[in-house]
Amino acid sequence: MNAKRSSIADRLLDWYDAHGRDLPWRAKRGEAPDPYRVWLSEVMLQQTTVAAVAPRFREWTERWPSVDALAAAPDEAIMAAWAGLGYYARARNLVKAARAVAAAGGFPRTEAGLLELPGLGAYTAAAVAAIAFGERAVVVDANVERVVARLFAIQTPLPAARPAIRAATDRITPDTRAGDFAQAMMDLGATLCTVRKPRCLLCPLRESCTAYAEGDPARLPVKAAKKAKPRRHGTIFWLERREGARSVWLVRRPDKGLLGGMRALPTGPWVDASPALAAAPAAINWRMLGGQVEHGFTHFNLTLALAVGRGEAQGEGEWWPVADLAAAGLPTLFAKAARAVLGEDEDGSMT
DNA sequence: AACGCGTGGTC
DNA sequence: TGACCAAGCGT
């Protein structure tokens, strides 16, 4: 059978066997995959780059080598360990899922069962079912959407094109090695069939690719226009106590919403106009620092003024030794603000 | 169905 | 250099 007649899946799997990436969560050839590592890596990789995840995955699995170990850990330790990775609902759901799995004595072994776990949606349930358990599941992430939209020259803009893309992916998914097929599609999307400047001359599927034949594969997939990001303003309060080791007042953010459940510096409301001292955690004389902190979220940009003061705190929170702030597990926004206050910021994010 | 939800890299 | 984007999920 020549290359032209062999299936897309066959050619892709041959390419994967020769050129697939060596990633820390992938089982070595001939070894059985560990569902815990597959699940953890898939959750970490949701909307997060391989480069960002790799070191965090290694640290995490060294500290908590099994789902039972993770299930036994305190919430606070898990949330702090997730700090900096973003999308903190993933960590909240990770805790719940780990305890459900530990209580059940193991992971569900089917796509439908996995879909019941918190934090596993259509993509992750299919990926874990295929990669960890060998089920023939149809795995569609942003890489697969791009590859498939180009292979079949699907012109419909995303997200309206999703049903057609899923159906096309189903048609080319093999009955065996569905997990390798999914990982191969993602490797292809990450290394050759990239958003900009795809390297079509190296692509094992070039002969089957309609977008390549038509001459401008980078044009696909078409995407709906995005809304402009508003800018909001707020104040971060850096409160130190007067006595004892140098300590700063930290609060825990509400479980739902932005940065939910994470340790944080107190903030006032985030509003459209300029900041004020509303909602300060102490009625003291605050000193406003000259610089501001800029931070971008998915759906808005934030400019934060920094108020510094000394005194007794009001409300719930804890005094945290400044020397040990790295262990508090602050989300990047607050870590950035702390650096600015402590004058450790050399890269110009103070404006 | 559209929106809320983080962060860092890329060009 | 700011806009775009990444192994999406929950509501």
Side-chain angles (χ1 to χ4, degrees), chain A residues 20-21 23-26 37-57 79 82-94 96-97 114-132 137 139-147 158-160 162-163 166 169 179 181-191 193-197 218 221 223-232 253-262 264 270 294-302 329-336 347-349:
Chain A
R21 292 176 291 177
L23 299 172
W25 42 87
R26 286 189 178 164
R37 294 168 65 89
V38 174
W39 162 70
L40 176 65
S41 65
E42 289 299 341
V43 173
M44 284 187 169
L45 286 161
Q46 289 167 4
Q47 298 286 284
T48 309
T49 58
V50 165
V53 167
R56 306 295 296 267
F57 177 85
M79 297 306 289
W82 198 271
L85 274 172
Y87 284 139
Y88 298 99
R90 294 185 293 173
R92 302 194 294 271
N93 287 328
L94 202 70
K96 294 180 199 159
L114 289 159
L115 199 50
E116 307 274 317
L117 291 174
L120 278 77
Y123 162 76
T124 308
V128 175
I131 297 168
V139 181
V140 184
D141 77 325
N143 288 297
V144 175
E145 284 180 349
R146 186 169 59 255
V147 171
L158 286 170
R162 295 238 159 90
R166 196 202 136 79
T169 307
F181 176 78
Q183 294 178 92
M185 290 285 275
M186 294 189 278
D187 279 14
L188 188 74
T191 63
C193 197
T194 50
V195 176
R196 291 181 286 265
K197 298 189 179 180
K223 296 194 178 180
K226 299 202 165 158
K227 295 198 334 185
K229 279 195 209 182
R231 177 166 297 282
R232 293 181 188 156
R253 293 180 60 83
D255 277 320
K256 290 180 187 287
L258 192 71
L259 309 172
M262 299 299 289
W270 296 347
E294 293 289 335
H295 194 73
F297 290 107
T298 311
H299 50 299
F300 67 95
N301 293 310
L302 187 60
L330 295 178
T332 298
L333 162 64
F334 299 110
K336 201 188 283 185
D347 67 15
S349 82

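Below, read A as the first sequence line, B as the second, and so on, with proteins coming before strands; counting in each chain starts at 1.
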Using a distance-only criterion (donor-acceptor N/O pair, under 3.5 Å, no hydrogens), is the base of B:dG6 paired with the side chain of A:Thr298? yes
Upstream residue (5' side of DNA chain B) when A:Arg90 and A:Lys227 are each assigned their closest nucleotide: A:Lys227
By side chain to side chain donor-acceptor pair (under 3.5 Å) - contacts of [X] (at least two apart):
X	answer
A:Asp187	A:Arg21, A:Arg26
A:Arg231	A:Glu294, A:Thr303
A:Ser41	none
A:Thr332	none

Measure from [atom1] on [X] to [atom2] on [N] and round the result to the nearest Å.
X	N	atom1	atom2	result
A:Arg162	B:dA2	CZ	P	11 Å
A:Asn301	B:dC5	CG	P	14 Å
A:Leu259	B:dG4	CG	C1'	12 Å
A:Phe300	B:dG4	CZ	C1'	10 Å
A:Phe297	B:dG8	CZ	P	11 Å
A:Leu333	B:dT7	CG	P	7 Å
A:Met79	B:dC5	CE	P	14 Å

Assign [X] to base, sugar-phosphate, or nothing according to its heavy-atom contacts below 4.0 angstrom with the strands shown.
X	result
A:Leu120	sugar-phosphate
A:Pro159	nothing
A:Leu115	nothing
A:Trp82	nothing
A:Ala127	nothing
A:Ala182	nothing
A:Arg21	base

5' priority, DNA chain C, between A:Gly189 and A:Asn93 [closest heavy atom]: A:Gly189
Please list, for nucleotides 9-11 of chain B, all pairs of protein and nucleotide N/O atoms separated by less than 3.5 Å.
none

With [atom1] as the reference atom in both, quote the distance from [N] to [M] in angstrom, rounded to an integer.
N	M	atom1	result
B:dC3	C:dC4	P	16 Å
C:dT1	B:dG6	P	28 Å
C:dA7	B:dC11	P	14 Å

Roughly how far, to the nearest 0.5 Å, is [atom2] of [Y] from [atom1] of [X]?
X	Y	atom1	atom2	answer
A:Met186	A:Ile131	CE	CD1	5.0 Å
A:Arg90	A:Leu85	CZ	CG	6.0 Å
A:Glu145	A:Tyr123	CD	OH	11.5 Å
A:Tyr87	A:Gln46	OH	CD	10.5 Å

Mind checking what makes side-chain contact (heavy atoms from CB on, under 4.5 Å) contact with [X], not counting sequence neighbours?
X	answer
A:Arg37	A:Asp34, A:Phe57, A:Thr61
A:Ala264	A:Val251, A:Arg253, A:Phe334
A:Lys229	A:Asn301

Are A:His295 and B:dT7 close enough that a side-chain N or O sits under 4.0 Å from OP1 or OP2? yes
Are A:His299 and B:dG4 close enough that a side-chain N or O sits under 4.0 Å from OP1 or OP2? no
With A:Phe297 via ring-ring contact (aromatic ring centres under 6.0 Å, His included) - residues at least two apart: A:His295, A:Phe300
Span of DNA chain C in contact with chain A (heavy atoms, under 4.0 Å): C:dC5 to C:dG10
Please list, in numerical order, the residues of residues 38-48 of chain A that have a heavy atom closer than 4.0 Å to any atom of DNA chain B. A:Gln47, A:Thr48
Under the salt bridge (charged side-chain N to carboxylate O under 4.0 Å, His left out) test, residues paired with A:Glu42 that sit two or more places apart: none
